[in-house]
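Take a look at the structure set out below.
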Amino acid sequence: MAGSSQKGKKRVDISLQHESSLDLLPREIWSCIAPMVASNSIQDLFNMQAMCKVFLGAASSDTVYKRATMYKPLAHFLSHLNGPERRFLERCAEVGNVDAIFQQGFVDYFPLGLRDKGMELLARAFAEGSVEAGYLCAMLLMYHHEDEEEVQMGVQMMEDIRISGQLESYSKFFSGISKDVVVLLLEMYAPG
């Protein structure tokens with residue numbers, strides 16, 4: 001009677017019911033994963049948001065946008081001034097993403113011609129640690145402004161950057177700017 005020990009017992013279904021296997025991990029875990037995704041690839045972040053509601057919620061937090069890495073060259077944002085890329089850039093800048101603040105300042109200053117807003121964003125990015133923004137801001141103040149006080153402010157900023165030893169960081173950045181941006185700027189500011 002090998003089977004008789006099971007005869008009087010009720011079978012209990014102990015399997016857990018989940019709407020999705022993604023629900024097995026708490027939202028807090030997904031909220032920790034999403035910033036890591038954003039810091040590696042904006043495209044992967046967009047894919048994560050499109051995957052399901054769990055990911056959309058986790059990947060839409062301010063922390064994610066603050067850590068998103070601006071891997072796309074400036075030229076990409078220049079050619080998509082009204083698309084989702086621009087909205088993404090603005091959201092990142094709103095939550096304090098220094099790379100996004102710098103890129104938005106660049107875009108506002110040059111192609112959009114919003115010089116005051118662009119300078120304000122570049123100065124903010126510099127204040128929050130972007131040497132590239134500080135260098136660009138200083139150069140613009142020295143060579144693109146006529147007010148003597150602004151020119152002197154640019155000279156002082158450049159001297160501060162030189163003393164800090166961070167000019168090398170800017171030269172690496174500038175060598176990485178795509179040819180498209182340089183061509184665009186030359187076309188915009190060429191005489192006649």
Side-chain angles (χ1 to χ4, degrees), residues 34-46 61-81 85-190:
M36 290 184 253
V37 171
S39 70
N40 288 321
S41 167
I42 295 170
Q43 188 59 50
D44 287 347
L45 177 66
F46 287 155
S61 72
D62 288 351
T63 303
V64 170
Y65 285 91
K66 187 168 178 102
R67 288 192 49 194
T69 302
M70 302 293 117
Y71 75 96
K72 291 189 177 190
L74 286 169
H76 180 80
F77 290 102
L78 295 175
S79 62
H80 295 90
L81 292 176
E85 291 86 354
R86 176 69 179 181
R87 288 188 296 280
F88 178 80
L89 182 65
E90 288 172 348
R91 172 84 191 275
C92 288
E94 284 172 14
V95 298
N97 182 314
V98 177
D99 290 340
I101 295 167
F102 169 65
Q103 289 198 20
Q104 187 174 359
F106 185 95
V107 168
D108 285 351
Y109 192 93
F110 288 105
L112 295 180
L114 304 171
R115 293 198 173 129
D116 290 340
K117 184 179 177 193
M119 285 300 287
E120 180 184 316
L121 289 168
L122 291 171
R124 179 177 158 207
F126 178 55
E128 293 186 24
S130 172
V131 177
E132 297 84 6
Y135 188 89
L136 181 58
C137 194
M139 295 298 286
L140 291 171
L141 286 169
M142 290 188 306
Y143 298 107
H144 206 245
H145 290 252
E146 295 179 10
D147 180 43
E148 186 61 31
E149 190 176 311
E150 290 178 336
V151 172
Q152 286 304 316
M153 190 182 342
V155 170
Q156 184 59 51
M157 285 176 75
M158 187 61 72
E159 183 63 12
D160 292 346
I161 293 169
R162 187 189 66 76
I163 290 170
S164 74
Q166 295 179 323
L167 277 178
E168 182 180 314
S169 172
Y170 180 75
S171 63
K172 286 180 186 175
F173 161 77
F174 194 71
S175 66
I177 290 182
S178 78
K179 177 183 155 192
D180 296 340
V181 172
V182 174
V183 169
L184 177 68
L185 293 176
L186 290 174
E187 289 173 358
M188 289 174 61
Y189 292 102

Problem - Flag, side chain of D108 to backbone of G118, donor-acceptor distance under 3.5 Å - result: no
Handout entry: Enclosure of D116 CG (heavy-atom neighbours >12, cutoff 6.0 Å)
Key = no
Exercise for the section: Return the minimal non-hydrogen interatomic distance between G105 and L121, and the atom names on each side. Expected result: CA-CB, 3.6 Å
Practice task
Measure from the ring center of F126 to the ring center of Y135 and say whether it is less than 6.0 Å.
Solution key: no
Handout entry: Contact check, side chains of M142 and M157, non-hydrogen atoms, under 4.5 Å
Key = no
Handout entry: Rounded distance [0.5 Å steps], CG in N97 versus OG1 in T63
Key = 12.0 Å
Completion exercise
dist C137:SG -> M119:CE (nearest 0.5 Å) comes out at 3.5 Å
Exercise for the section: First locate atom CD of E150, then atom CD of Q152, and finally report the distance between them rounded to the nearest 0.5 Å. Expected result: 11.5 Å
Fill in the blank from the handout: dist Q104:CD -> E90:CD (nearest 0.5 Å) comes out at 5.0 Å
Exercise for the section: Over all heavy atoms of both residues, which pair between A138 and G154 is shortest? Give the atoms and the distance, please. Expected result: CB-O, 3.4 Å
Exercise for the section: Assess the side chains of Q156 and D160: does a donor N or O sit below 3.5 Å from an acceptor N or O? Expected result: yes
Completion exercise
Here the pair of heavy atoms bringing A125 nearest to F102 is CB-N, 3.8 Å
Practice task
Indicate the atoms forming the closest heavy-atom contact of A93 with R124, along with that distance.
Solution key: O-NH2, 3.3 Å
Handout entry: Note, V131 side chain near I161 side chain (heavy atom, < 4.5 Å)
Key = yes
Fill in the blank from the handout: Between the CG atom in L140 and the CZ atom in R115, the distance rounded to the nearest 0.5 Å is 9.0 Å
Handout entry: CG on L122 to CD on E132, rounded to 0.5 Å
Key = 11.5 Å
